[in-house]
Amino acid sequence: MSTIRDIFQQITRMRLTDLVDILAVALLIFMIMHLFRSTGTHRVAKVVFMIIAVVVVAGLTDFLKLYTLSFLLNQFLSFGLIAVVILFQPELRRMIDHMSNVKINKVFGTAKPEQAMEPVIAHVVRACTAMSQDRVGALICFARDNSLDEYFKTGTMIDAQVSDQLLRNIFFPKAALHDGAMIIRDGRVTAAACVLPLSESDRLNADLGTRHRAGLGLSEVTDALVVIVSEETGAISVAVGGMLKRHLAPQTLEKLLRNELCPAEPGAKEEKLTVKLRQKLHKKDKEGGGTNEK
């Protein structure tokens, strides 16, 4: 009974800053628990945000007299950074690889013209359409700013011009290089039979196999665009930015690839809008003239 009375007395003596201190510690514990439930690159982003928040809040705790929170933050700044590096080593390594794989020719403006991708896209669409009809599985990756060098090492280097016949031959079920991913970089087939990282997302349908998880996994850790043809259903899918777009028609696939791989130049978009506006104004003028004649 005396213990309950002591606890009640302690509660009545609590100041507003003490309540804020307790709530802040509880919120910190909740954020840490939520952080460990998340996966992939989102964890790295959350860790960076948390470190910045800790540094900012640590400077305010002494001023606000939040002693418990101040003690925890000081301990975290002393030992927590080492623990973060150990716990998030795989994610940090992926982030460093993502930054180091940026193509030099892209940085210095010597990348291959975007117009050169149009025939490549046409060949890929024709090959995927044929493989979809024949129920032949395929995994085709388009490297963009990230060079994907680390994934080339897991496959066989090819360096060949893209053609629908070449793609269909490589993914033919009895071909030596059919099992794995093909990587297209700078408009050429650079490698085949490459091993990709599998996605750890728990939002994927159970009917999706390793090929879809590999394509989505690469799109989660790089800026690559991945085209997937299902061996079981023949459905065509595209993974980009950690999102999977399924059951695409050939026309939709071609449009998506053009939008992603052949972006309009900064001035071209405004020019298209100007042309459309002029067309609408011209159409209205004609309609107005026709009304007056009547």
Side-chain angles (χ1 to χ4, degrees), residues 31 33-52 84 87-103 106 114 117 121 124-125 128 137-155 180-185 190-191 194-233 235-249 252-263:
M31 292 174 61
M33 293 177 63
H34 180 72
L35 176 64
F36 281 97
R37 286 200 299 267
S38 60
T39 59
T41 54
H42 298 287
R43 295 175 64 182
V44 178
K46 291 180 180 178
V47 167
V48 174
F49 175 78
M50 180 176 289
I51 292 175
I52 296 175
V84 165
L87 291 174
F88 298 97
Q89 185 269 338
E91 287 81 4
L92 291 172
R93 183 182 64 82
R94 287 183 180 180
M95 184 176 66
I96 294 173
D97 291 340
H98 182 86
M99 296 173 61
S100 63
N101 279 337
V102 175
K103 294 187 290 186
K106 190 75 173 181
E114 300 294 348
M117 289 301 297
I121 292 173
V124 171
V125 171
C128 290
L139 189 57
I140 305 172
C141 310
F142 287 90
R144 295 198 275 187
D145 290 348
N146 296 120
S147 60
L148 308 183
D149 286 338
E150 63 174 308
Y151 304 108
F152 290 152
K153 301 175 184 178
T154 64
M182 172 191 293
I183 298 179
I184 297 176
R185 184 172 68 180
T190 312
C194 299
V195 179
L196 305 182
L198 299 181
S199 173
E200 299 177 358
S201 175
D202 55 358
R203 296 177 295 176
L204 286 176
N205 293 337
D207 60 335
L208 296 179
T210 305
R211 186 176 286 110
H212 288 83
R213 288 190 173 273
L216 185 61
L218 183 67
S219 72
E220 290 174 346
V221 298
T222 70
D223 66 342
L225 182 146
V226 187
V227 180
I228 309 158
V229 180
S230 174
E231 184 177 357
E232 290 77 16
T233 63
I236 301 175
S237 305
V238 169
V240 57
M243 300 293 292
L244 185 64
K245 303 177 182 180
R246 304 178 61 190
H247 304 291
L248 301 179
T252 307
L253 173 64
E254 183 176 5
K255 183 178 180 180
L256 193 153
L257 293 180
R258 288 181 182 276
N259 290 338
E260 291 288 340
L261 303 177
C262 301

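Since we're looking at a predicted model, the values are computed, not measured. Counting begins at 1 with the first residue of the sequence.
The main-chain N or O of S147 is found under 3.5 Å from a side-chain atom of R185 such that the two form a donor-acceptor pair. Of the possible donor and acceptor atoms, none in the side chain of N146 sits under 3.5 Å from a partner among the backbone N and O of T222. For the pair T233 (side chain) and S230 (backbone), a donor-acceptor distance under 3.5 Å is absent. Between the side chain of S199 and the backbone N or O of G217, no donor-acceptor pair lies under 3.5 Å.
Of the residues listed (L196, L218, I184, T190), the one engaging L148 in a side-chain contact (heavy atoms from CB on, under 4.5 Å) is L218, and it is the only one.
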(Q) Under the criterion salt bridge (Lys or Arg N to Asp or Glu O under 4.0 Å), I'd like the reasoning laid out for R144 against E260: C-alpha separation, chi angles, the key distance, then a yes or no. (A) CA-CA 10 Å; R144 295 198 275 187; E260 291 288 340; 3.0 Å; yes
Q: Check the pair C128, V227 against side chain to side chain contact (heavy atoms under 4.5 Å, CB included), reporting the backbone distance first and the verdict last.
A: CA-CA 9 Å; C128 290; V227 180; 3.7 Å; yes
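We find the CG-CG distance between L216 and L198 to be 10.0 Å, quoted to the nearest 0.5 Å. I183 CD1 to T154 OG1: the interatomic distance, rounded to the nearest 0.5 Å, is 6.5 Å. Interatomic distance, C194 SG to K153 NZ, rounded to the nearest 0.5 Å: 12.5 Å.
Between C262 and I121, the shortest heavy-atom contact is SG-CD1, 3.8 Å.
Within the 4.5 Å cutoff, no side-chain heavy atoms of S237 are placed close to those of H247. Inter-residue side-chain proximity for I140 and V124 is flagged as met; some heavy-atom pair is nearer than 4.5 Å. The shortest side-chain heavy-atom distance between V240 and V226 does not fall under the 4.5 Å cut-off. Annotation: side chain of V238 is not in contact with side chain of I228 (no heavy-atom distance under 4.5 Å). Counting only heavy atoms from C-beta outward, the side chains of L208 and L244 approach each other to under 4.5 Å.
Using a cut-off of 4.0 Å between Lys/Arg side-chain N and Asp/Glu carboxylate O, D207 and R246 are scored as salt-bridged.
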